[in-house]
Amino acid sequence: MRSDIVKKGHNRAPHRSLLRATGLQDEDFDKPFIGVANSFIEIIPGHFFLDKVSSIVKDEIKKSGCVPFEFNTIGVDDGIAMGHDGMLFSLPSREIIASSIETVMNAHKLDAMIAIPNCDKIVPGMIMGALRVNVPTVFVSGGPMAKGYKQDGTPIDLATAFEAVGQFEAGEITEEELTDIECNACPSGGSCSGMFTANSMNTLMEAMGIALPGNGTILALTKEREELYRKAARRVCEIALMEYKESSKYKIKNILNENAVRNAFAVDMAMGGSSNTVLHMLAIAIEADVNFNLEDINKISKRVSHIAKISPSLTTVHMQDIDKAGGVSAVMHEMNKRGEDILLDNLTVTGESLKERIADSKIVDTNIIHTIDNPYSKVGGLAILYGNLAEQGAVIKTAGITGERVFTGTAVCYNSQDEAIRGILNNEVKAGNVVVIRYEGPKGGPGMQEMLSPTSLIMGMGLGDSVALITDGRFSGATRGASIGHVSPEAAEGGMIGLLENGDEIHIDVDEYILRVNISEDEIAKRRADFTPIVKPLSSRWLKQYRALVTNASSGAVLEAE
C-alpha cells in the first residue's frame with residue numbers, strides 16, 4: 001500500500017506513535033488509509049451540512065475495513081461574494097483548494113481518497129488536486145438544493161432573486177414581492193437548484209465517470225442522498241482493498257482521460273451547463289495531461305443536440321425535475337441514440353463502462369428531458385466565438401440566449417464591474433447597446449469576477465432581448481441573456497477589448513461563431529500605439545501573487561508552473 005511508507009518497519013515507529021495519538025490501534029496499520037477530503041464550511045448553503053456527510057462517509061469506511069482521515073479545504077460562496085471585491089478571491093480559491101488536496105494527500109501518503117465537494121470553485125479545485133495526486137478517488141457531492149416557490153406557487157431560485165433586484169429598480173415589483181422572493185428562493189441546504197456552475201460540475205462528474213449515478217441530481221438532505229454517500233464510501237474501500245494491479249486501474253487519471261473530458265463537454269452541451277465549465281474543464285484537462293483546446297468545443301457543439309433545458313435557461317425546471325425525469329444517465333442514453341456523442345467504452349469509478357452504466361436508463365418525462373428527435377436546439381448549449389475582438393476565443397452560453405442569435409450594437413464601455421452596475425442603474429444602457437466590462441479577467445481583476453449582478457440588472461430591467469454584454473471576466477451559472485465572457489486576450493494583457501471606445505459597432509453571430517468590432521485595421525493600429533493597460537492597485541499579497549502567475553481564460557486561468 002502507498003501508506004506503508006509512513007506506517008511499516010521499525011524506522012517508522014515515531015510515525016506510528018503519532019498515528020496512535022489520533023486513536024489508531026495495532027490492527028489499523030494493516031488497513032488502507034483513506035483521505036476524506038471535505039469542504040465543510042458554515043457560510044455556504046451547499047456545505048454547512050457536510051460535517052454530517054463526512055460522519056456518514058467515515059462510518060461506512062470503517063465498516064468496510066479501511067481507516068478514514070478527514071481533512072478540509074476552504075470554500076467561497078460566489079453568490080455571497082458577488083457584487084463586491086470579495087469576488088476577486090473566488091477563482092483564485094480554486095488553486096488553493098487544488099494545492100491543499102495535493103499537499104495533504106502526498107504529505108501523508110494516503111492510499112485513496114473520497115472527495116466531498118458541492119459548490120462553486122470547490123468542485124473543480126478538488127478534481128484538479130486529485131489529478132495531481134493520482135490515487136483511486138471517488139467523488140460524492142453534497143447534492144442540489146430544492147427549488148423554492150413564491151407565495152403564488154411560482155418556482156424560483158437564486159437567479160430569480162438576483163433578477164428581482166433589477167425588477168425592483170425598474171419599479172416592476174414591490175418591496176413586498178422582493179422580500180417574498182428573498183425569503184423563498186433558497187429554501188434549504190444544497191447547491192443552488194438550477195444548472196448553475198456547481199450543479200453543472202456535479203453533473204459532469206457523472207459523465208467523466210468519477211462519481212456515482214445520481215451525483216448531479218439527487219437532492220441534498222434526503223435519504224436517497226445519504227445512500228449515495230454510503231455507496232461512494234463503500235466503493236472507495238472496495239478499490240483500496242484490491243490487489244495493487246487491480247486497484248491501480250482506478251487511479252483517477254485512468255478514468256479522467258481524454259475520452260472523459262470529451263464526454264463531459266458533450267453532456268455539458270446537451271444540458272446547457274454554465275459557461276464556467278469551459279474554464280474549469282480546460283484547467284482539469286491540463287491536470288489530466290489531456291490535449292484539449294477551445295477549438296475542440298465548437299466541434300462537439302455542432303454534433304450534440306441540446307435536449308435538457310434547466311434554470312436559468314428555463315426557469316420552471318430544476319435539478320430535482322431532471323432527477324425525476326431520468327437523471328444524467330437518461331440524458332446520456334438518449335444522446336447515444338445517434339451513436340456519436342458519448343464515448344461509451346470509458347471506465348467509470350464504479351467498475352463498469354459508461355455503456356454498461358447507462359444501458360437501462362430511459363427518459364421518464366419527455367417534457368423535461370427531450371428526445372434527440374425533438375431537441376431544444378440541434379446544436380449544443382455552449383459556443384466559442386472568435387474574431388478581432390476575441391482572437392483567442394470567448395464563451396457564450398447559447399442555451400441562455402433570450403433574444404436574437406445575431407446582434408449588432410454600439411459599445412458602452414466600463415473599466416470595472418462596479419462602474420457597469422452604476423451605469424446600468426443610471427440608465428446609461430439602452431436597447432441596441434453592447435455593454436463592455438473589461439479589466440475583470442484573470443490578470444486584470446485579478447481573479448475574473450462573475451458578472452451576475454450586471455446581467456441580472458439587464459434582465460430585470462427588461463433589456464435582456466435588446467442588449468448584449470461582453471467581458472473578459474466571467475458569469476455565474478445563473479446568468480442568462482446574450483452574455484459573452486472569457487474574452488481573450490484580456491484587456492490587462494493588451495487585448496482588443498481594452499481598445500474599444502464608446503460607440504464602436506460590435507457584431508455578434510452565435511451560429512457563425514463570430515465576435516468582432518467593425519473598425520479598420522488602421523484605426524486599431526492607431527489605438528494600440530497609444531494604449532497602456534490599466535493596472536489596478538492591490539493590497540492583497542495573495543492576489544498579487546495570483547496576478548503574476550495566472551494565464552488567461554483561453555488556457556483555463558491556471559497558474560504558470562514554470
Side-chain angles (χ1 to χ4, degrees), residues 195 200 262 265-279 281-282 292-310 312-314 335 338 340-341 370-411 431-436 455 458-459 463-472 474-475 477 479-488 496-497 504-519 553-554:
M195 193 66 169
S200 296
R262 293 184 180 277
F265 273 113
V267 171
D268 207 3
M269 298 297 175
M271 298 184 70
S274 163
S275 58
N276 280 320
T277 56
V278 175
L279 192 71
M281 286 305 305
L282 289 174
F292 190 94
N293 300 304
L294 270 176
E295 293 85 355
D296 296 317
I297 294 174
N298 286 341
K299 296 174 185 176
I300 295 172
S301 179
K302 288 177 181 178
R303 62 177 175 79
V304 174
S305 297
H306 181 203
I307 60 172
K309 207 164 192 175
I310 308 154
S313 301
L314 186 59
M335 292 170 67
R338 288 200 305 207
E340 58 183 13
D341 296 337
H370 283 202
T371 66
I372 206 75
D373 299 320
N374 181 37
Y376 288 102
S377 168
K378 292 183 178 180
V379 295
L382 292 167
I384 310 301
L385 309 185
Y386 292 95
N388 64 356
L389 193 43
E391 293 178 357
Q392 296 174 3
V395 180
I396 183 169
K397 182 175 178 175
T398 58
I401 294 174
T402 56
E404 298 297 321
R405 295 169 73 92
V406 179
F407 186 90
T408 302
T410 53
N433 286 156
V434 178
V435 177
V436 177
T455 58
I458 287 169
M459 292 299 300
L463 296 169
D465 293 345
S466 58
V467 166
L469 186 150
I470 67 170
T471 180
D472 51 11
R474 60 192 177 92
F475 299 110
T479 290
R480 60 191 180 116
S483 303
I484 300 168
H486 308 200
V487 172
S488 300
M496 185 67 218
I497 190 172
D504 285 344
E505 186 179 82
I506 295 173
H507 179 68
I508 302 163
D509 189 328
V510 174
D511 295 321
E512 295 297 326
Y513 307 106
I514 292 171
L515 176 61
R516 70 167 183 257
V517 55
N518 293 330
I519 56 178
S554 68

Revision key, fill the gap. Of all heavy-atom pairs linking A553 and H486, the shortest is CB-CB, 3.7 Å
**Study point:** By side-chain contact (heavy atoms from CB on, under 4.5 Å) - contacts of S200 (at least two apart)
**Key:** M195, S274, T277
Revision key, fill the gap. Residues at least two apart in sequence or cross-chain that pass side-chain contact (heavy atoms from CB on, under 4.5 Å) with A390, listed by chain then number, are A394, V487, L515
Check your understanding: side-chain hydrogen bond (donor to acceptor under 3.5 Å, both in side chains) with D472: which residues, sequence neighbours excluded?
Key -> none
Point to revise | Contact summary for V436 and I506, nearest pair of heavy atoms | key: CG2-CD1, 4.0 Å
Revision key, fill the gap. Closest heavy-atom pair, Y386 versus L294, reported as atoms and distance to 0.1 Å, is OH-CB, 3.5 Å
Exercise for review: Start with the C-alpha gap between I396 and R405, add the side-chain angles, then the distance that decides, and say whether side chain to side chain contact (heavy atoms under 4.5 Å, CB included) holds.
Suggested key: CA-CA 11 Å; I396 183 169; R405 295 169 73 92; over 6 Å; no
Practice item. Output all residues satisfying salt bridge (charged side-chain N to carboxylate O under 4.0 Å, His left out) with K299, sequence neighbours left out; order by chain, then residue number. Key: D296
Review point. Would you say N276's side chain and F475's backbone share a donor-acceptor pair under 3.5 angstrom?
Key: yes
List the atom pairs, donor and acceptor, that lie under 3.5 Å between side-chain atoms in residues 372-384 and the rest of the protein, sequence neighbours left out.
residue	atom	partner	partner atom	Å
Y376	OH	H370	NE2	3.2
S377	OG	V379	N	3.2
S377	OG	V379	O	3.1

Practice item. Can you see which heavy atom on F292 is nearest to which on R262, and at what distance? Key: CE1-NH1, 3.8 Å
Check your understanding: In chain order, what residues pass the side-chain contact (heavy atoms from CB on, under 4.5 Å) check against T408, with sequence neighbours excluded?
Key -> E505, H507
Exercise for review: Kindly say whether V435 contributes a backbone atom to a donor-acceptor pair with the side chain of N433 at under 3.5 angstrom?
Suggested key: no
Practice item. Before giving the answer on side chain to side chain contact (heavy atoms under 4.5 Å, CB included), spell out for V510 and E404 the whole-Å C-alpha distance, their side-chain angles and the decisive distance to 0.1 Å. Key: CA-CA 9 Å; V510 174; E404 298 297 321; over 6 Å; no
